[in-house]
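See structure below.
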Amino acid sequence: MREIVLRKFKEIFGDVSEEGVYFAPGRVNLIGEHTDYNGGHVFPCALTIGTYAVVRPRQDNLLKFYSMNFEELGIITSSLSDLKYEKEADWTNYPKGVMWAFEQKGFHINAGMDLLLYGNIPNGSGLSSSASVEVLTGYILRDLFGFDVSNQEIALIGQFAENHFNGVNCGIMDQFSIAMGKKDHAIFLDTSDLTYEYAPILLEGAKIIIVGSNKKRGLGDSKYNERRTECETALQELQQVIGINSLGELSEELFETYKSAIKDEIRIKRAKHAVYENQRTIKAVKALKNNKIEEFGLLMNASHVSLRDDYEVTGVELDTLVEAAWNQPGVIGARMTGAGFGGCTVNIVKDEYVDQFILEVGKRYKEAIGYDADFYVVEIGDGPCKL
Ligand code: GLA
């Protein structure tokens, strides 16, 4: 891959001096969905697929961006002295947002750059191609300008950029799991204080399969921010009757005791999901540690039901994929993953049933939805690196 992106870089920007080649992964969340902005737990992992970058600093202030995934857009030019969100700047708003965020945090970027990207995470698939680009940009800036920031701080700066530059009120899960990824491990992260633990994912005799629904979506135009507001309002209502800082502090029992303080049926459902999903995540990690993979799978399935019925972020495409998966032999667990409203599902499937799974779920999806789903047997990889 290094050679492919370098060759393209030289073709686009000329072959004049040394360039750096970098990589940041995509991520998949195994369980703990829509809990990260509710002070709950998540359990994501970085993947071996992700985004590659070739970078060369410039003598001036200009930023010249080129993506091999959007070749039709050509070179998109910007300037460090004018870092603002522009719709027509398209995907470059992600790296620009991170540069802006570094400046906001007091890190001065004193040279422009030529930057070429290539992602082998399918765009809009729900595997966090945008957070991958954000963490990659932060990692490059640290390397080029010697900024004193940890990977965890790069994740926080990436989230800050997403929230305040790109206008998506996301939590910390995506950037954190990408910046802190560890091969063959998922990250059990408590989003209330960012304490975390790596848990080995040794799926003996099974694989993680991601199924992309190919339903196009962008977080910005989804109902993501609306869900977040509903949870915040529910929290304020609960705070009238119980002293909590986040929904993640509630057990199922406490939630049932106090839920009548929430004055709207829809908000009760949203908050219920946040509370129960957090508890499910804690139980799931415990099950995994005790080698109870079947129990882990059942909790994944329950997570989907809750996202479908209480949080209402699945939609016919994701439900079709997951329900088809549940009907297949050898499926340990299946659920939507990521923000929802399209995107993808995550499935744990026993080795000997993988081919049949791909065939049957693919067939069922095409029949019901009218177009194909994409299947990826994925591996858990490390965080960002220089190649
Ligand atoms: C998106 C957001 C994350 C998280 C998930 C849902 O991926 O970027 O912060 O909220 O949705 O779990």
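Here the structure is a predicted model, which is why all the values come from computation and not from measurement. Counting starts at 1 for both ligands and their atoms, following the listed order.
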| Ser128 to ligand 1: N or O pair under 3.5 Å? | no
| message | Out of the candidates Lys8, Lys64, Arg58, only one should pair with Asp114 under the salt bridge (Lys or Arg N to Asp or Glu O under 4.0 Å) rule; please name it. | response | Arg58
| Residues Ser246 and Ser192: side-chain donor-acceptor under 3.5 angstrom | no
| task | Enumerate the atoms of ligand 1 whose separation from the nearest heavy atom of His34 is less than 4.0 angstrom. | result | 6 (C), 12 (O)
| said: Does ligand 1 come near enough to Tyr224 that some N or O of the ligand is less than 3.5 Å from an N or O of the residue? | reply: yes
| said: If the cut-off is 4.0 Å to any non-hydrogen atom of Cys170, which atoms of ligand 1 fall inside it? | reply: 2 (C), 8 (O), 9 (O)
| query | Glu33 to ligand 1: N or O pair under 3.5 Å? | reply | yes
| Can you find a non-hydrogen atom of Met336 under 4.0 Å from ligand 1? | no
| request: Considering non-hydrogen atoms only, spot the tightest contact between Cys344 and Gly212 and give its length. | output: CB-CA, 3.8 Å
| said: I need the contact type for Gln159 against ligand 1. Using non-hydrogen atoms and a strict under-4.0 Å cut-off, is it side chain, backbone, both or neither? | reply: neither
| query | Which of the atoms in ligand 1, numbered in the order shown and given with their element, are less than 4.0 Å from a heavy-atom of Arg27? | reply | 7 (O)
| remark: Out of Asn169, Val168, Asp174, Asn163, the nearest non-hydrogen contact to atom 7 (O) of ligand 1 is supplied by Asp174
| message | List ligand 1 atoms under 4.0 Å from Gly338, heavy atoms only on the residue side. | response | 6 (C), 11 (O)
| Do any N/O atoms on Thr35 end up under 3.5 angstrom from N/O atoms on ligand 1? | no
| note | Output for pair (Tyr258 OH, Ile242 CD1), nearest 0.5 Å, gives 5.0 Å
| query | Quick one: are the ring centres of Phe188 and Tyr196 less than 6.0 Å apart? | reply | no
| query | Same hydrophobic cluster for Ile172 and Ile187, using side-chain heavy-atom links shorter than 4.5 Å among ILVMFWY? | reply | yes
| message | Could you check whether any side-chain N or O of Ser128 sits under 3.5 Å from a backbone N or O of Ala131, counting only pairs where one atom can act as donor and the other as acceptor? | response | no
| task | Establish, yes or no, whether the cationic atom of Lys105 lies under 6.0 Å from the six-membered ring centre of Phe160 and within 45° of the ring axis. | result | yes
| message | Between ligand 1 and Gly171, is the shortest N or O to N or O distance under 3.5 Å? | response | yes
| request: Flag yes if Val42 and Met336 sit in one hydrophobic cluster, no otherwise; membership is Ile, Leu, Val, Met, Phe, Trp, Tyr, and two members link when side-chain heavy atoms are under 4.5 Å apart. | output: no
| note | For Tyr37, the ligand 1 atoms with a heavy-atom partner under 4.0 Å come out as 10 (O)
| task | Measure from atom 5 (C) of ligand 1 to every heavy atom in Arg228, Glu277, Met173 and give the option owning the shortest one. | result | Met173
